[in-house]
Amino acid sequence: MKTRSAEPEGAPGATKPLGAGFYVRPVLDVAADLIGCTVVHGTTAGVIVETEAYHQQEPACHAYVGLTPRTSTLFGAPGVAYVYRSYGIHALLNAVCEPEGVGAAVLIRALRPLEGVELMRERRGGAGRGAERELCSGPGRLTQALGIELTENGSSLESGPVLIMPREGPAPQIVSSARIGITKAAELPWRFSVAGEENVSKPWPRRGEQPRGLRRGRPSRSG
DNA sequence: CATGGGATTGACT
DNA sequence: GTCAATCCCATGC
């Protein structure tokens, strides 16, 4: 049973998933604001502790090549899941952002396990027998732990099957750093994570790195 | 139709 | 530190 919020709509005590209005904003804002929110899939759930922003005007973004069958989800409605296969092995989960027609998304890179830890361990197999912080500390790991697959590409993050619930309580302290695992536009500090959090992917952001508010390199909305 | 490149992970030296 | 696994899709002929 959850504590009752001041939310005027919906059933008392019920928390509604984030709607399109949350995602239609600039992708850097959404990437930072998703920290502390919760991803739910079936009986498993985790708190978002690491994200990365991607925008069509920088070459690391899949949408940089323009509208193709692959990128159609990215250019589509905000608040939708963009799930694609990485390195032939892993499914990576993104939240589509900005208005329809703009290719932008937030990559969910790490979660703090919240519910269904036992099922997460089963799905992660041998790799799930280690420390709990290794269950969801990486974009490929968390989709495996939550059972998210390519079939969820294009599905609504408000109506499911993958849901993102709003943050409960105060905003955590957030640090920004360079994105990981890319060769193009690698200098942009568009990675966001919870300060001091251990459930994030390596390399860990250095302590004392840009405590938010970084606006250098922000994509112009006119482009 | 053939080819090449990943927004990664886990195993191994 | 190095390296292979494995699939979707963009690109070029």
Side-chain angles (χ1 to χ4, degrees), chain A residues 23 26-28 30-32 34-35 39 46 48-76 78 80-98 102-111 113 120-155 157 162 164 175-193 198-205 217-219:
Chain A
Y23 300 97
V27 67
L28 286 183
V30 179
L34 275 175
I35 300 292
V39 178
I48 299 173
V49 295
E50 183 185 359
T51 62
E52 279 177 4
Y54 288 86
H55 190 279
Q56 67 178 85
Q57 82 167 36
E58 46 88 14
C61 183
H62 292 168
Y64 185 71
V65 300
L67 181 61
T68 66
R70 182 191 201 193
T71 62
S72 62
T73 306
L74 276 173
F75 283 97
V80 162
Y82 168 53
V83 186
Y84 72 98
R85 183 153 322 281
S86 173
Y87 289 92
I89 302 174
H90 308 286
L92 268 54
L93 171 67
N94 300 250
V96 176
C97 297
E98 308 219 4
V102 178
V106 173
L107 170 67
I108 311 298
R109 281 197 62 90
L111 306 175
M120 290 183 186
R121 289 194 185 281
E122 288 177 23
R123 285 172 174 154
R124 293 268 296 136
R129 272 180 260 136
E132 184 170 313
R133 78 173 71 87
E134 293 183 0
L135 286 177
C136 299
S137 55
R141 290 174 171 180
L142 72 90
T143 53
Q144 185 183 23
L146 268 62
I148 295 170
E149 318 234 351
L150 294 199
T151 53
E152 268 98 6
N153 182 43
S155 66
L157 294 170
V162 181
I164 301 186
V175 297
S176 66
S177 52
R179 294 179 295 184
I180 297 176
I182 56 174
T183 56
K184 305 170 221 165
E187 75 285 356
L188 296 178
W190 288 6
R191 177 194 188 201
F192 300 89
S193 55
E198 293 209 331
N199 290 270
V200 300
S201 52
K202 292 180 182 177
W204 290 356
R218 164 190 284 279

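In what follows, chains carry the letters A, B, and so on, assigned in the order in which the sequence lines appear, proteins first and then strands, with residues in each chain numbered from 1. Excluded from the calculations below are hydrogen atoms, water molecules and symmetry mates; all remaining heavy atoms, backbone and side chain alike, are included.
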side-chain contact (heavy atoms from CB on, under 4.5 Å) between A/Leu146 and A/Leu111, worked out: CA-CA 10 Å; A/Leu146 268 62; A/Leu111 306 175; 3.9 Å; yes
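Atom CD1 of A/Ile89 and atom P of B/dT9 are 10 Å apart (whole Å). Going from atom CG of A/Leu67 over to atom C1' of C/dA10 covers 13 Å, rounded to whole Å. Between A/Arg124 atom CZ and B/dT8 atom P there is a gap of 14 Å when expressed in whole angstrom units. The interatomic distance linking A/His90 (NE2) with B/dG10 (C1') rounds to 8 Å, in whole Å. Going from atom CZ of A/Arg141 over to atom P of B/dT9 covers 6 Å, rounded to whole Å. Regarding A/Leu92, its CG atom lies at a distance of 13 Å from the C1' atom of C/dC7, rounded to whole Å. The NZ-P distance, from A/Lys202 to C/dG1, rounds to 12 Å in whole Å. Protein atom CD of A/Glu149 is 15 Å distant from nucleotide atom C1' of C/dC8, rounded to whole Å.
Here the side chain of A/Arg70 is nearest to one of B/dT8, C/dC9, C/dC8, namely C/dC9. Here the nucleotide nearest the side chain of A/Pro139, chosen from B/dA7, B/dG6, B/dT9, is B/dT9. Which of B/dG6, C/dA10, B/dA7 sits closest to the side chain of A/Asn94 comes down to B/dA7. Set against B/dT8, B/dG6, C/dA10, the side chain of A/Arg109 has B/dT8 as its closest nucleotide. Distances from the side chain of A/Val65 to the nucleotides C/dT11, B/dA7, C/dC7 place C/dT11 closest.
In this structure a side-chain-to-backbone donor-acceptor pair under 3.5 Å is missing from A/Arg109 to A/Glu50. Of the possible polar contacts, one joining the A/Arg123 side chain to the A/Ala145 backbone as a donor-acceptor pair under 3.5 Å is found.
Using a 4.5 Å heavy-atom cutoff, the side chains of A/Glu98 and A/Gln56 are not in contact. Inter-residue side-chain proximity for A/Tyr84 and A/Arg70 is flagged as met; some heavy-atom pair is nearer than 4.5 Å. Inter-residue side-chain proximity for A/Arg121 and A/Glu132 is flagged as met; some heavy-atom pair is nearer than 4.5 Å.
Taking a centre distance below 5.5 Å and an interplanar angle below 30 degrees as the stacking criterion, A/Tyr54 stacks against the six-membered base ring of B/dA7.
Residue A/Leu107 is in base contact, counting any heavy-atom pair closer than 4.0 Å across all strands shown. Contacts of A/Arg179 with the nucleic acid, taken as non-hydrogen atoms under 4.0 Å apart, are absent. Across all strands, A/Arg191 comes closer than 4.0 Å to no nucleic acid atom at all (heavy-atom distances). At the heavy-atom level, A/Ala60 lies under 4.0 Å from base atoms of the strands shown.
For B/dA7, neither phosphate oxygen OP1 nor OP2 lies less than 4.0 angstrom from any side-chain nitrogen or oxygen of A/Ser86.
With a cut-off of 3.5 Å on both pairing distances, the Watson-Crick or G-U wobble partner of C/dT2 is B/dA11.
Where A/Gly181 and A/Gln144 each meet DNA chain B at their nearest nucleotide, the meeting point lying more 5' is that of A/Gly181.
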